Every structure is written in C-alpha cells, then in structure tokens.
Amino acid sequence: MPVPQVPDTLVLKRHRDLEGMRSSIWWRRGILGAVALFGFLGLANVFGQRPQTVSSDVPAAKLTLYAPAHLRSGLLFSARFHITAHRELKKATLVLDPGWAEGMSINTIEPSPLGEASKDGKLSFDLGHVPAGGSFILWMQFQINPTNVGRRSQDVELDDGNQPITRLDRIVTIYP
C-alpha cells in the first residue's frame with residue numbers, strides 16, 4: 001500500500017522531530033502543570049467549602065458558628081448558629097454583619113425567627129426566649145452570586161434585647 005505524500009505545509013524536521021522547538025515544549029508543559037496544580041488544589045479543598053467551627057463562651061451564653069470561611073462563586077452552602085444559654089435569655093437576638101447578605105442569596109432560614117429587622121445596616125433576627133440550660137439552633141442556607149469575589153466581614157453578635165452578650169469575628173474569602 002502506498003504511503004501518502006507529506007502535505008506541502010508540513011516540514012518534517014520541525015513538526016515531527018520538533019527541531020528548534022525543544023525550549024518551547026517546556027513552556028507548554030509548565031502551563032499544563034499549572035492548570036493541573038490548580039485542579040489538584042481545588043480537590044484538596046484549598047478554595048472552599050469545608051466548614052469551620054468558631055465559638056465564644058461567656059458567662060451568659062455560648063455562641064457557636066459552623067460555616068465555611070472559604071467559598072467559590074455560585075456555591076450553595078449552609079451556616080449553623082448554635083446558642084446555648086447559661087442563664088435565661090429573654091429576647092435572644094442574632095445580629096449578622098452585612099457580609100452575610102452582600103452578593104449572596106439567602107435561600108432559607110430555619111426555624112423562622114420571630115422577627116427580622118435591620119440594626120444599623122446589619123441583619124437582626126429575633127429568636128425569642130431561650131431558658132437557662134436550653135439551646136437554640138438556627139440554620140441558614142445561602143448561594144453566592146457568580147460575580148461575588150473577594151474578602152468581607154461576616155461577624156455575628158448575640159444580644160439579649162439591646163444588651164450585647166457575645167460576638168464572633170470572622171472573615172470570609174470568596175474565590176472566582
């Protein structure tokens with residue numbers, strides 16, 4: 001069977017034997033390695049969503065937050081706020097920094113708070129009475145808007161009425 005002729009536009013020494021192109025092949029391999037490294041880092045959860053636990057325990061109550069601190073655009077995630085009262089909280093109120101809503105959709109809040117308000121530009125959720133020794137868990141589900149990228153404050157404050165009880169300081173990082 002006859003072998004077809006080499007097309008006019010191909011030069012065998014350059015295209016088959018890569019003569020004169022040995023240095024450029026390392027650039028290609030380097031770029032491919034960088035793309036593979038980026039994928040591996042994503043699999044290793046460097047870019048988000050493994051939840052972290054942050055808590056503050058004061059004489060009046062313990063506030064625990066279980067939520068991821070590193071997220072990706074478009075991601076769905078949950079946050080769990082756990083309040084354990086060491087003394088009676090007559091009007092437990094959870095106050096969230098604007099970073100909890102900025103560039104995010106709040107999909108659901110369970111159980112529904114007794115009241116929702118704005119407190120100096122922050123989200124305020126009235127949770128009601130929490131007896132001494134009792135606990136209250138609030139679940140929130142979010143979706144990050146695809147254009148939301150950067151770092152922002154997501155502090156959480158627990159109040160009893162207008163009296164601050166404790167505060168969690170937290171920064172969230174959102175990757176593209």
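All residue numbers in this chain count up from 1 along the given sequence. No experiment lies behind these values; they were computed from the predicted model shown. Side chains included, hydrogens not; waters and symmetry mates left out as well; all remaining heavy atoms used.
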Flag yes if F136 and F81 sit in one hydrophobic cluster, no otherwise; membership is Ile, Leu, Val, Met, Phe, Trp, Tyr, and two members link when side-chain heavy atoms are under 4.5 Å apart.
yes
Does D126 use its side chain to pair, donor to acceptor, with the backbone of P113 at less than 3.5 Å?
no
Is the side chain of T93 donor-acceptor paired with the backbone N or O of K91 at a distance under 3.5 Å, no angle test? yes
CZ (R167) and CG (D159) are apart, to the nearest 0.5 Å, by 9.5 Å
Smallest heavy-atom separation, K119 atom then S124 atom, equals CB-CB, 4.1 Å
Is there a path of hydrophobic side-chain contacts, each under 4.5 Å between heavy atoms of I, L, V, M, F, W or Y residues, that connects L168 with L96? yes
Look at the side-chain heavy atoms of Ile, Leu, Val, Met, Phe, Trp and Tyr, link any pair under 4.5 Å apart, and say whether I109 and L63 land in one connected group.
-> yes
For P131 and A85, the nearest pair of non-hydrogen atoms, with its separation, is O-CB, 3.4 Å
Problem set entry | Centroid separation F125 to W100 less than 6.0 Å | no
- Identify whether L138 and I106 are in the same connected component of the hydrophobic contact network (ILVMFWY, side-chain heavy atoms under 4.5 Å). yes
In terms of heavy-atom contacts, S73 and P176 come closest through OG-CA, 3.9 Å
d(M104 CE, L75 CG) to nearest 0.5 Å is 10.0 Å
Members sharing W139's hydrophobic cluster, built from side-chain contacts under 4.5 Å between Ile, Leu, Val, Met, Phe, Trp and Tyr, are I137
Would you tell me whether Q52 and H70 have side-chain atoms, one donor and one acceptor, within less than 3.5 Å of each other? no
Point to revise | Co-membership, hydrophobic cluster, residues V54 and V156, 4.5 Å side-chain | key: yes
Exercise. Could you verify whether a donor N or O on one side chain and an acceptor N or O on the other, from S153 and D97, lie under 3.5 Å apart?
Key: yes
More than 12 heavy atoms of other groups within 6.0 Å of K90 NZ
no
